[in-house]
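In what follows, a structure is listed as structure tokens, so that the remarks can point back to it.
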Amino acid sequence: MRHIISILLENESGALSRVAGLFTARGYNIESLTVAPTEDATLSRITLVTSGSEEVIEQIKKQLNKLVDVVKLVDLTEGEHIEREMMMIKVRTNGKDREEVRRLADIFRGRIIDVTDSTYTIELTGNGAKLDAFIKALTAPILETVRSGVAGILRGEKALHT
Amino acid sequence: MKLSGSEIIIQFLQDEGVEYLFGYPGGAVLHIYDELYKQNKIKHILVRHEQGATHAADGYARATGKPGVVLVTSGPGATNAVTGIATAYMDSIPMVIITGQVATQYIGSDAFQEVDSVGITRPCVKHNFLVKRLEDMAETLKKAFYIATTGRPGPVVVDIPKDVTAPNIKIDYQYPDQVFMRSYNPTVKGHPKQAKRAVDLILSAKRPMIYTGGGVILSHAEQELIEFTQHLGYPITNTLMGLGSYPGSDKQFLGMLGMHGTYEANMAMHECDVLIAIGARFDDRVTGDTEKFCPHAQIIHIDIDPSSISKNIRVDVPIVGDVKTVLSGFNEELKSRKEKPDQKALAKWWDQIGKWKAEDCLQYDRNSSLIKPQLVIEKLYEVTGGDAFVTSDVGQHQMFAAQFYKFNKTRRWINSGGLGTMGFGLPAAMGVQLAFPNEKVACVTGEASIQMCIQELSTCMQYELPIKIVTLNNRYMGMVRQWQEFIYESRYSHSYMEALPDFVKLAESYGHIGIQIDKPSDVEDALKEAFDKYKNRLVFLNFITDQSENVYPMIMTGQGHHEMYLSSASRGLA
């Protein structure tokens, strides 16, 4: 099953490689990994998407907790949560395609963030399935896509903090 | 007090109470070595290869319970230390390894003797640090010792660039008495509700079994374990790492379990209804086929490392905590309970165990005209009165030592259990002998293993370490040969040892005593000579043993505890 694990990590050099290294060393999957500092400059937050049996996920969480740089973690998929991914996609738009791409971006609540005579670059946010659906719906040739990986947060009052 | 980086390192190690520093100098650590030269509190032991330094520090740590400390240079110094670091990591041994690094401005430039030590050691350390700023030096070193010695212990590497140790840059130094780390707080106390549940289950057992590992020793919980076991009157087995934590000659002790464990220990594991696992991690050499593991048992597991619980075997009552704390809680709880174990069921259970014991699974041919390796270990046990420190390398000799030397005292059996590192025995014995200069220290080894760190004979000469090297020389990598005999139809692919040195002359060339023993009748006298006449000398005992001897019992890969081979006859061969 797919799990989203959110990790608060000491913002130290090498901390990320400890997390990534753990996954390769123990043969766990990483589907996506998103890392950025938090409002507290000493902490980074990782959102990590992985999959495996319940036993494997339990081990992953225990092994992550064992890393000295890991301050706290939560499995978002255990409760109500929100997940988002951001994508920027550059498409070739000639002639009649141009209007079609714009309409499609509107339907998906995307925004065109860069324009040339023959291209649009569209920004789109949502869960992975929505981004996939947009790519599938596009008829214009795709020049480039970049996706952020998943960022997630718990719903309601609960929060991941030190 | 204003000190340079090098002065801080040495002053800190003194303040931390470090007695021995095992190391080898090189460019990146020359500032540190210069400070070392100016003091005499910390004794530096100059090894002949950095692997030796790490194993020696490791042996010191296992024998004393104090962290072993290593100092090596950058690049090859650090990479040579990796095997020793991984060895300590697998067996959860507290160590701090200081590695020199090229100056900060050269990091990443492929400088001379540069290697990413933090990156290379990351998968085999509990934690590691790169000290980029002098201001962080003292606190980082304190964190390293704190992490290495608390929770589930392990090695910690501190990588220090040369410029941070420069003699001309000084800052204020104060010994940091303690450190706080928000991200590191090992659980010590077990959950009280779980402990009650565990005790209920323990008392309800009809066929109980206690299975304990190295965690008991690491936690200094030997007394608590003895009290617990003897109060209940239950049978107990130790893992390879746990030997000595419970007296090996006690009547409740069934011997070691696992791949080369005793018949009674493994059968009791297979048939028990309640298994009490304490500071042990259900390693594959212990469990055999996990599908067939303890099929009738409810399992209680005490371990300080949550990730050890239900990793290989699903357990019913997990207790995360320090073994000593949890066991003393159990002992109090047991004393306060009115109910006692079911004596009738227990008597029946011991009766059954007695039948398994009667198989005499460790029997061997005592009338052989060749020296049987088992005989050497039995005689070693007798001659040393059972209380020597015994280090070992890896292979058949290691298993024979584990089976035939009854360890009645803790921290006397020192071997590489998890990583299985050939070359461990001799340098580990150096660390032990330095810590206990007046005790008997034997290194049980084979002619293959001993050659992996044989250069340390030179270190032994320098520091006059009177280690007794007990070499079971069968001219084969015995355990490899055994597997090839069993599994590969005796195709002995590259497991022979030809072109061996004359070990007697080799020992003599290092200023030691060398003795070769060819006949069973000479075994005892040779050992006596080594431990009595040459008490203060290193003696290299080269026992020419039976080439064809195998280690029994044996559980083959994919088999369960009840499917042991007891002899070549039970393999259908004799």
Side-chain angles (χ1 to χ4, degrees), chain A residues 1 3 5-28 30 33 35 37-46 48 50 52-75 78 159-162, chain B residues 86 89-90 92 104 107-108 116-133 136 140 143-144 146-148 150-159 161 179-187 281-282 290 303-315 318 320:
Chain A
M1 219 186 92
H3 284 251
I5 298 170
S6 233
I7 306 161
L8 279 181
L9 192 71
E10 293 289 356
N11 191 5
E12 305 236 354
S13 75
L16 175 62
S17 63
R18 291 180 207 280
V19 173
L22 170 71
F23 276 71
T24 39
R26 296 195 181 263
Y28 305 141
I30 298 184
L33 188 69
V35 198
T38 65
E39 76 285 0
D40 175 349
T42 66
L43 288 171
S44 290
R45 177 149 172 165
I46 295 182
L48 190 154
T50 182
S53 66
E54 285 312 301
E55 287 78 19
V56 168
I57 298 294
E58 192 187 321
Q59 263 302 308
I60 289 175
K61 286 188 265 183
K62 285 175 172 175
Q63 293 291 351
L64 283 168
N65 262 317
K66 211 164 114 173
L67 293 176
V68 170
D69 283 336
V70 168
V71 181
K72 222 167 206 181
L73 67 81
V74 63
D75 185 347
E78 275 180 357
L160 179 63
H161 56 78
T162 51
Chain B
Y89 179 67
M90 287 294 274
S92 309
T104 43
I107 289 180
D116 174 12
S117 299
V118 166
I120 282 181
T121 58
R122 197 187 57 230
C124 60
V125 292
K126 184 168 172 188
H127 197 60
N128 56 19
F129 295 97
L130 172 64
V131 184
K132 277 191 180 155
R133 302 179 332 143
D136 299 334
T140 306
K143 280 182 181 170
Y146 173 59
I147 293 169
T150 52
R152 179 177 179 176
V156 177
V157 165
V158 184
D159 198 28
V179 279
F180 168 75
M181 299 177 75
R182 62 178 168 186
S183 61
Y184 176 73
N185 302 293
T187 314
R281 60 184 179 90
F282 298 86
T290 51
D303 205 295
I304 198 158
D305 177 5
S307 74
S308 279
I309 288 175
S310 293
K311 180 174 70 179
N312 300 334
I313 298 287
R314 203 86 202 146
V315 301
V320 176

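What you are looking at is a predicted structure, and each value in this text was computed from that prediction instead of being measured. Sequence lines set the chain letters: A, B, ... in the order given, protein chains first and strands last, and positions in each chain run from 1.
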inquiry  = Can you confirm whether E10(A) sits close enough to R182(B) that some side-chain heavy atom of one is under 4.5 Å from a side-chain heavy atom of the other?
reply    = yes
request  = Could you have a look at Q63(A), R18(A), K72(A) and say which one has the most heavy-atom pairs with chain B under 4.5 angstrom?
outcome  = R18(A)
From CA spacing to verdict: side-chain contact (heavy atoms from CB on, under 4.5 Å), E55(A), K311(B) = CA-CA 8 Å; E55(A) 287 78 19; K311(B) 180 174 70 179; over 6 Å; no
key: Heavy-atom proximity to chain B below 4.5 Å, by part of T162(A)   = side chain
message = Suppose the criterion is salt bridge (charged side-chain N to carboxylate O under 4.0 Å, His left out): which pairs have a residue in residues 123-132 of chain B, not counting sequence neighbours?
response = none
request  = Dump the intermediate steps for side-chain contact (heavy atoms from CB on, under 4.5 Å) on I309(B) and K62(A), then the final yes or no.
outcome  = CA-CA 9 Å; I309(B) 288 175; K62(A) 285 175 172 175; 4.2 Å; yes
key: Sole residue of V71(A), D69(A), V68(A) in side-chain contact (heavy atoms from CB on, under 4.5 Å) with Y184(B)   = V68(A)
Chain A contact via N185(B) - side chain, backbone, both or neither, heavy atoms under 4.5 Å = neither
task = For residues E12(A) and L130(B), determine if any side-chain heavy atom of one lies less than 4.5 Å from a side-chain heavy atom of the other.
result = no
remark   = Here the gap from S308(B) atom OG to K66(A) atom NZ, rounded to the nearest 0.5 Å, amounts to 6.0 Å
task = Determine whether S307(B) and Q59(A) make a side-chain contact, defined as any pair of heavy atoms from C-beta on separated by less than 4.5 Å.
result = yes
key: Partners passing side chain to side chain donor-acceptor pair (under 3.5 Å) against E78(A) (at least two apart in sequence or in another chain)   = K61(A)
request  = Please look at I147(B) and chain A and tell me whether the side chain, the backbone, both or neither of the residue comes under 4.5 angstrom of a heavy atom of that chain.
outcome  = side chain
key: Basic-acidic side-chain contact under 4.0 Å: R314(B), E58(A)   = yes
